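Shown next, in structure tokens, is the structure this report addresses.
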2 protein chains.
Amino acid sequence: MALQIATGALVECGDCPIRHRAVCARCETDELSTLEHMKYYRGYEAGQTIVWSGDRMDFVASVVSGIATLTQTMEDGRRQMVGLLLPSDFVGRPGRNTAAYDVTATTDVVMCCFRKKPFEDMMRKTPHIAERLLEMTLDELDAAREWMLLLGRKTAREKIASLIAIIARRDASLHLRPVGGNLAVTLPLTREEMADYLGLTLETVSRQISALKRDGVISLEGKRQVTIPDFDRLVEEAGDDNDGGMLA
Amino acid sequence: MALQIATGALVECGDCPIRHRAVCARCETDELSTLEHMKYYRGYEAGQTIVWSGDRMDFVASVVSGIATLTQTMEDGRRQMVGLLLPSDFVGRPGRNTAAYDVTATTDVVMCCFRKKPFEDMMRKTPHIAERLLEMTLDELDAAREWMLLLGRKTAREKIASLIAIIARRDASLHLRPVGGNLAVTLPLTREEMADYLGLTLETVSRQISALKRDGVISLEGKRQVTIPDFDRLVEEAGDDNDGGMLA
DNA sequence: CGCTGGCTTGAATCAAATCAAGATAAGTGG
DNA sequence: CCACTTATCTTGATTTGATTCAAGCCAGCG
């Protein structure tokens, strides 16, 4: 039962919190007002499945708030998360009408949706949208490839450190804080979801988080609140080329 | 020393073997003739590095013939292949000027190159190119995500079976043969390269190939020539949802 | 209260890595 | 043509990092 939650009074594209990062980022005022008329908001509760893999999908959308995940499942139940969708991320593929992955709301989520057909037409007429979508897709491809290195070659400890570092970076870029000395982040995922993302079991995730805490790389307030006393140390533990992309 | 190999008499875009799959696939005759004047061929010998990660890259290109790989390397030498480039695949990212990965020729390779700046200008003027590039990038993203499932959740045996199945599929789609009963493929990679692709060691790759052979899933002529008596059996061993994408 | 879901921790097991030796094949130069 | 080198691959023995199986903790909640 697709219970919808309040989508609030969001209407003006000009005031949209994801205005400058979403697929519409490059649009001019007139283009924006066209989108304004096409769009509709939809809310999903934490835990709710937004789309099932294989289902017909007649819309595309941007995540406005909240966090969603993309996961693949094998017949015997093994699961691998293949994407983490944060505000401004795009869902759905123009030119395909069934979903390739399960999309699940991890927190309450609000999405800015467009019916697929009109959106595709608009895209053809509006290079700004296609351009931005290409750029976003290339970024996602890079992220996926970085994740391939993590999944294929990193140890459990490095995987956990990498995940925390990535969440911290995204968090910082969203709130425009520098990732410097002492900083705190909230893990948006359960241990099991982290395991699905990292290609581990939830027990291993738990153990490695405990180990990083024991070794003073992180400290914990409760189970979700992480403080990072020394970000460089964390990045080192992640095994990354430590420049690690202060992206534009 | 960037020794170039003969690039042959390829000149006419109309006769190009990758005409219908490459980034230029959707171009009209006039657009094609513009590209015709911009393009230049370049050859690389097997084993040669085409670009180093981090290097300035002032061109983009399509693979015309041969096979190249994209790999990431950690400081301590651990390597993960993040892409396998076959004829018609695109190399380089418009809007970025340094390479994100090492690109290496696995066999002798011929590439159809464009200097980046003119190509970007052309892209802005020619929606057909941007459109096709978006489509290709979305396909690559899907492939990367499929690979994430493999890297994160599959066993060594499943990984090997998956790799062989994928190579067989691509091979068939390139030569327009159906992937039916009995078919043969040549592995385009050494055991070590397979290991880098699959997130394994070369010893494990060797052992699992032997095991698949012992169990009659495949048979070998030499080290590279693989015959697949029953493709469905192979797909089953790969742990895939056996429909497995007879892509358009 | 007494659950229930999320998490932690321990002990045993196992799949793949590592370490090590040799086999096979393809040059290369005397 | 043959000895020598080198690259690639196979196979075996051992080790190890992560999984599996199992128990119990903790916070929130009906």
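Computed from a predicted model, the values in this text were never measured in an experiment. Sequence lines set the chain letters: A, B, ... in the order given, protein chains first and strands last, and positions in each chain run from 1.
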*Sub-4.5 Å side-chain heavy-atom contact between B:R96 and A:L138*: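 B:R96 vs A:L138: side chains apart.
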
*Check whether any side-chain heavy atom of B:L151 lies under 4.5 Å from a side-chain heavy atom of B:Q80, and answer yes or no.*
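Touching, per the 4.5 Å side-chain cut-off.
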
*Between A:T204 and D:dA18, is there a side-chain N or O to OP1/OP2 distance below 4.0 Å?*
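Answer is no, no contact under 4.0 Å.
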
Hey, does the side chain of [X] reach the backbone of [Y] with a donor-acceptor pair shorter than 3.5 angstrom?
{"X": "A:R153", "Y": "B:R78", "answer": "no"}
{"X": "A:S206", "Y": "A:L202", "answer": "no"}
{"X": "B:E158", "Y": "B:T155", "answer": "yes"}
{"X": "A:R145", "Y": "B:Q72", "answer": "no"}
{"X": "A:R224", "Y": "A:L187", "answer": "yes"}

*Could you check how far CG of B:L202 sits from P of D:dT10, rounded to whole Å?*
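For the pair B:L202 CG and D:dT10 P, the rounded distance is 10 Å.
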
*asked:* Whole angstroms only, please: what is the CD1-C1' distance between B:I209 and D:dT10?
replied: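 These atoms are roughly 11 Å apart.
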
*Going by heavy atoms closer than 4.0 Å, what residues in residues 151-160 of chain A are next to DNA chain D?*
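Per residue number, the list reads A:T155, A:A156.
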
*Positions of residues 184-201 of chain B (non-hydrogen atom under 4.0 Å from DNA chain D), listed by number*: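 Going residue by residue through residues 184-201 of chain B, the ones with a heavy atom under 4.0 Å of DNA chain D turn out to be B:T190, B:R191.
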
_Please determine whether a side-chain nitrogen of the Lys or Arg among B:R207 and B:E203 lies less than 4.0 Å from a carboxylate oxygen of the Asp or Glu._
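No, no charged N to carboxylate O under 4.0 Å.
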
_Pair B:R93 + A:D139: basic N to acidic O under 4.0 Å_ =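 Between A:D139 and B:R93 there is a salt bridge, with a charged N closer than 4.0 Å to a carboxylate O.
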
_Pairs involving residues 190-227 of chain A, ordered by first then second residue, that meet ring pair (Phe, Tyr, Trp, His ring centres under 6.0 Å) (sequence neighbours left out)_ =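 Those involving residues 190-227 of chain A are A:W147-A:Y197.
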
Measure all distances between protein nitrogen or oxygen atoms and nitrogen or oxygen atoms of nucleotides 21-30 of chain D, and list the pairs falling under 3.5 Å.
unit_1	atom_1	unit_2	atom_2	d
D:dC21	N4	A:E203	OE2	3.2

*Looking at A:T98, A:T104, A:V103, which one forms a side chain to side chain contact (heavy atoms under 4.5 Å, CB included) with A:V51?*
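Testing A:V51 for a side chain to side chain contact (heavy atoms under 4.5 Å, CB included) against A:T98, A:T104, A:V103 leaves exactly one candidate, A:V103.
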
*Locate the shortest heavy-atom distance separating A:L198 from A:K159; write the atom from each residue and the value.*
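Closest approach of A:L198 to A:K159: O-NZ, 3.0 Å.
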
*Taking only residues two or more places apart in sequence, or in another chain, which ones meet B:Y101 in a ring-ring contact (aromatic ring centres under 6.0 Å, His included)?*
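If we apply the ring-ring contact (aromatic ring centres under 6.0 Å, His included) test to B:Y101, skipping adjacent residues, there are no hits.
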
*How is B:S210 classified with respect to the nucleic acid when contacts are heavy atoms under 4.0 Å: base, sugar-phosphate, or nothing?*
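Counting heavy atoms under 4.0 Å across all strands, the contact made by B:S210 is with sugar-phosphate only.
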
*On DNA chain C, reading 5' to 3', which nucleotide is the first and which the last to sit with an atom under 4.0 Å from a heavy atom of chain A, could you check?*
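In short, chain A contacts DNA chain C from C:dC7 to C:dA11.
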
